[in-house]
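To start, the structure under review is shown below, and the notes come after it.
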Amino acid sequence: MTDDPVNLALKAYESGNMAEARAFCAQLLADDPEHAAALLILGLAAEHENKFEEAVVLMRRSVRSDPGARALASLANCLWRTGQLDEGL
């Protein structure tokens with residue numbers, strides 16, 4: 001389903017269009033403020049822009065909602081980048 005907001009947000013992120021990815025994620029978060037996929041995509045977008053502290057906050061929320069492997073690995077990477085090595089292990 002190509003018009004699913006999660007798929008659209010992911011495609012926008014993968015194509016480098018962070019503003020569009022954020023817009024689709026905002027739609028999802030309006031309905032569910034703890035939407036794990038939307039939070040993860042926003043965290044990935046923040047990480048892409050070297051906003052690691054913001055990424056950590058978003059990814060922690062994503063992991064709390066759904067502790068999937070991608071979210072956990074991305075969170076660990078951002079924790080490492082922000083010098084929080086012990087939390088990333």
Side-chain angles (χ1 to χ4, degrees):
M1 179 176 285
T2 58
D3 52 346
D4 171 44
V6 173
N7 289 335
L8 293 170
L10 189 56
K11 286 185 186 288
Y13 165 76
E14 289 172 344
S15 69
N17 190 339
M18 300 306 132
E20 187 174 318
R22 282 192 183 86
F24 287 121
C25 289
Q27 291 175 10
L28 293 162
L29 293 171
D31 292 332
D32 177 5
E34 297 305 314
H35 192 286
L39 291 166
L40 176 59
I41 294 166
L42 286 174
L44 292 170
E47 179 183 19
H48 177 78
E49 296 171 331
N50 297 322
K51 298 176 182 175
F52 300 113
E53 294 291 339
E54 178 183 340
V56 165
V57 171
L58 291 162
M59 289 179 191
R60 279 189 173 141
R61 287 178 57 199
S62 176
V63 166
R64 276 195 298 272
S65 294
D66 181 14
R70 174 110 188 235
L72 287 167
S74 297
L75 174 58
N77 182 56
C78 286
L79 288 169
W80 174 76
R81 289 180 173 265
T82 58
Q84 300 172 61
L85 297 175
D86 292 338
E87 289 186 54
L89 297 176

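Given the structure is predicted, the values throughout are model-derived calculations rather than measurements.
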Using modelled atom types only, decide if a donor and an acceptor are shared between the side chain of S74 and the backbone of A71 within a distance under 3.5 Å. no
Do L44 and R70 have side chains that get closer than 4.5 Å, going by heavy atoms? yes
Output for pair (F24 CZ, L10 CG), nearest 0.5 Å, gives 11.5 Å
Is the closest basic N to carboxylate O distance between R61 and E34 below 4.0 Å? yes
With clusters defined by side-chain heavy atoms of hydrophobic residues (ILVMFWY) lying less than 4.5 Å apart, directly or transitively, does M18 cluster with V57? no
Closest non-hydrogen atom pair between I41 and A9, with its separation: CD1-CB, 3.9 Å
Going hydrophobic residue to hydrophobic residue with side-chain gaps under 4.5 angstrom, can you get from L28 over to L42? no
Can we say R22 and E49 salt-bridge, meaning some charged N sits less than 4.0 Å from an Asp/Glu carboxylate O? yes
Measure across P33 and L39 and return the closest heavy-atom pair with its distance rounded to 0.1 Å. O-CD1, 4.2 Å
Hey, are the side chains of R60 and L79 touching, using non-hydrogen atoms and a 4.5 Å cut-off? yes
Hydrophobic clustering (ILVMFWY, side-chain heavy atoms < 4.5 Å, transitive) - are L58 and W80 grouped together? no
So OG of S15 and CD of E20: to nearest 0.5 Å the spacing works out to 6.5 Å
Specify the closest pair of heavy atoms between A36 and S62, including all atoms of both residues, with the distance to one decimal. O-OG, 2.9 Å
With a 4.5 Å limit on heavy-atom distance, are the side chains of D66 and L40 in contact? no
Taking all atoms of both residues into account, what is the closest heavy-atom pair of A55 and G43, and its distance? CB-O, 3.4 Å
Side chains of H48 and Y13 in contact at under 4.5 Å (non-hydrogen atoms): yes
Under 4.5 Å between any side-chain heavy atoms of H35 and S65, yes or no? no
If I take atom CD from residue Q84 and atom CD from residue E53, how far apart are they, to the nearest 0.5 angstrom? 6.0 Å
Mind checking the CG-CD spacing from L75 to E47? Nearest 0.5 Å is all I need. 10.0 Å
